[in-house]
Amino acid sequence: MSLLHGLALVLLPFLAGVAAAQPLAARTPRVREALLTDTPVTVHMAPGVATLLLFDADLDTGRTVLEPRERFTLHTWSARVITLEPLEELKAPAALTVRFQGAAVTEQSSLSLVAAPAEVDAQVRLVRSTGGATQALRSRVAELEGRVAACEARLEGARESAGALSPTAFVLAGRIGSKGVDVVSALAPAAPPAPGRSEPSPVSFVANDWLVVTVKVDAAVARSGWKPERAWLVGEATGARFAAHTVQLEPGSPRTDGTALLVVEAARPPVSEGLLFRLEVHVAGGQSPLSIPGVLMKKTEKFGP
């Protein structure tokens, strides 16, 4: 054997080791997260690098399988952590099949362990996919967000309404004036009502340039579909008619006395039209209008002119 041939035989194992180590030195280690789904997760591995696999749920280590196992060194094999290292370059993919504690027998996730020329996974955090549960949770969150938005809108509307109807807003808008608001109730009619029947008795809230008239009506009538649409104040002395701005029936359950409150708002008629008016309310559906006498603009000692 020549000296050159013998030297080649001595150096051959060393050169082979250098050639095998050179691709490893060029690989970039990476740390990442992956979602476990029906599709296997690809994990890049290399000899000389222990890859750390972190799971977000407990594994059933007795039913978790690595194939072929003899190609790896297992540094850690626990419920949440598996650390393994290939003994040599992976010429063919290996498979790690993991199963979680409490999961169905058929429920499993797979990892495909392969070699890659440019990079190696130093750490992979594996997140278990909950499938339909995740979608259900997202739907529930969207539903709750919609409810919150609706509640916020109602709250904002209530705030605006409270601000518009507050005494401060009335004063700043000049709707009360220095004389305030007179509360005037109609005097009882001369003849008592028939048995089992109550006559509506209007109450007027009178300010400088506006008034609100409230009348109690039978709640049974209100529940039957009776819906006021328009209203007028009619002067008893002159017959002049003044259209109301607002006609509203009290929402919600009837009062304890079996009535509902009808509220009518209008501009205050001129004093020249007299102090006594009749309230006419037109109802939807062509029903007979409601005519209510005794709407007073000012306290008086008698019912009528």
Side-chain angles (χ1 to χ4, degrees), residues 6-145:
L7 183 61
L9 291 177
V10 172
L11 293 178
L12 184 59
F14 174 75
L15 293 174
V18 170
Q22 190 169 2
L24 176 61
R27 294 172 186 171
T28 302
R30 63 178 181 173
V31 176
R32 64 189 179 94
E33 181 177 291
L35 182 66
L36 293 172
T37 63
D38 295 335
T39 303
V41 175
T42 300
V43 179
H44 294 166
M45 306 191 72
V49 178
T51 297
L52 181 66
L53 304 176
L54 303 175
F55 297 88
D56 67 342
D58 288 346
L59 296 176
D60 186 341
T61 55
R63 296 193 301 138
T64 296
V65 180
L66 174 62
E67 294 180 339
R69 187 162 183 163
E70 63 273 9
R71 293 168 61 183
F72 295 86
T73 298
L74 304 182
H75 297 287
T76 309
W77 189 271
S78 64
R80 292 289 184 109
V81 179
I82 292 178
T83 309
L84 63 164
E85 176 186 346
L87 296 174
E88 59 183 5
E89 196 73 35
L90 297 174
K91 296 181 176 60
L96 176 64
T97 304
V98 298
R99 295 176 175 87
F100 293 91
Q101 294 184 14
V105 175
T106 57
E107 184 179 348
Q108 63 184 38
S109 298
S110 298
L111 286 75
S112 179
L113 312 180
V114 301
E119 58 193 9
V120 59
D121 286 317
Q123 177 179 307
V124 182
R125 183 175 182 273
L126 296 151
V127 181
R128 187 182 184 188
S129 173
T130 54
T134 300
Q135 184 59 40
L137 181 59
R138 289 174 179 170
S139 299
R140 179 61 174 166
V141 169
E143 177 187 351
L144 292 176
E145 287 176 344

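Hydrogens, waters and symmetry mates play no part in the numbers below; they use all other heavy atoms, side chains included. As the structure is a prediction and not an experimental result, all values here were calculated from the model. The first residue in the sequence is number 1, and the count goes up from there.
- Taking 4.5 Å as the limit, every side-chain heavy atom of L126 sits out of range of all side-chain heavy atoms of V98.
- L36 contributes atom CG, which lies 9.5 Å from atom OG of S110 (distance to the nearest 0.5 angstrom).
- Under the 4.5 Å side-chain criterion, counting only non-hydrogen atoms from C-beta, V81 is in contact with L54.
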>> For E33 and V124: C-alpha separation, side-chain torsions, deciding distance, then whether side chain to side chain contact (heavy atoms under 4.5 Å, CB included) applies.
In response: CA-CA 5 Å; E33 181 177 291; V124 182; over 6 Å; no
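- Minimum interatomic distance between A79 and T61 (heavy atoms only, all atoms of both residues): N-CG2, 3.9 Å.
- Using a 4.5 Å cut-off on side-chain heavy atoms (C-beta onward), R125 and V31 make no contact.
- The CZ atom of R69 sits 10.0 Å away from atom CG of L84, with the distance rounded to the nearest 0.5 Å.
- Shown here for D56 and R128, the closest heavy-atom pair between the two residues is OD1-N, 3.2 Å.
- Residues satisfying the salt bridge (Lys or Arg N to Asp or Glu O under 4.0 Å) criterion with E88, sequence neighbours excluded, are absent altogether.
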>> One pair to check against side chain to side chain contact (heavy atoms under 4.5 Å, CB included): L66 and L113. What are the steps and the verdict?
In response: CA-CA 10 Å; L66 174 62; L113 312 180; 3.7 Å; yes
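- Checked against salt bridge (Lys or Arg N to Asp or Glu O under 4.0 Å), D60 has the following partners two or more places apart in sequence or in another chain: R63.
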Please list, one pair per line, the donor and acceptor atoms closer than 3.5 Å that link side chains of residues 39-53 to other protein atoms, with sequence neighbours excluded.
from, atom 1, to, atom 2, distance (Å)
H44, ND1, R30, NH2, 3.4
H44, ND1, E119, OE2, 3.4
T51, OG1, D121, O, 2.8

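- Side-chain contact between L59 and W77 is absent, with no heavy-atom pair separated by less than 4.5 Å.
- When all heavy atoms are compared, the tightest approach of P29 to R27 is CD-O, 3.6 Å.
- Between T64 and F55, every side-chain heavy-atom pair lies at or beyond the 4.5 Å cut-off.
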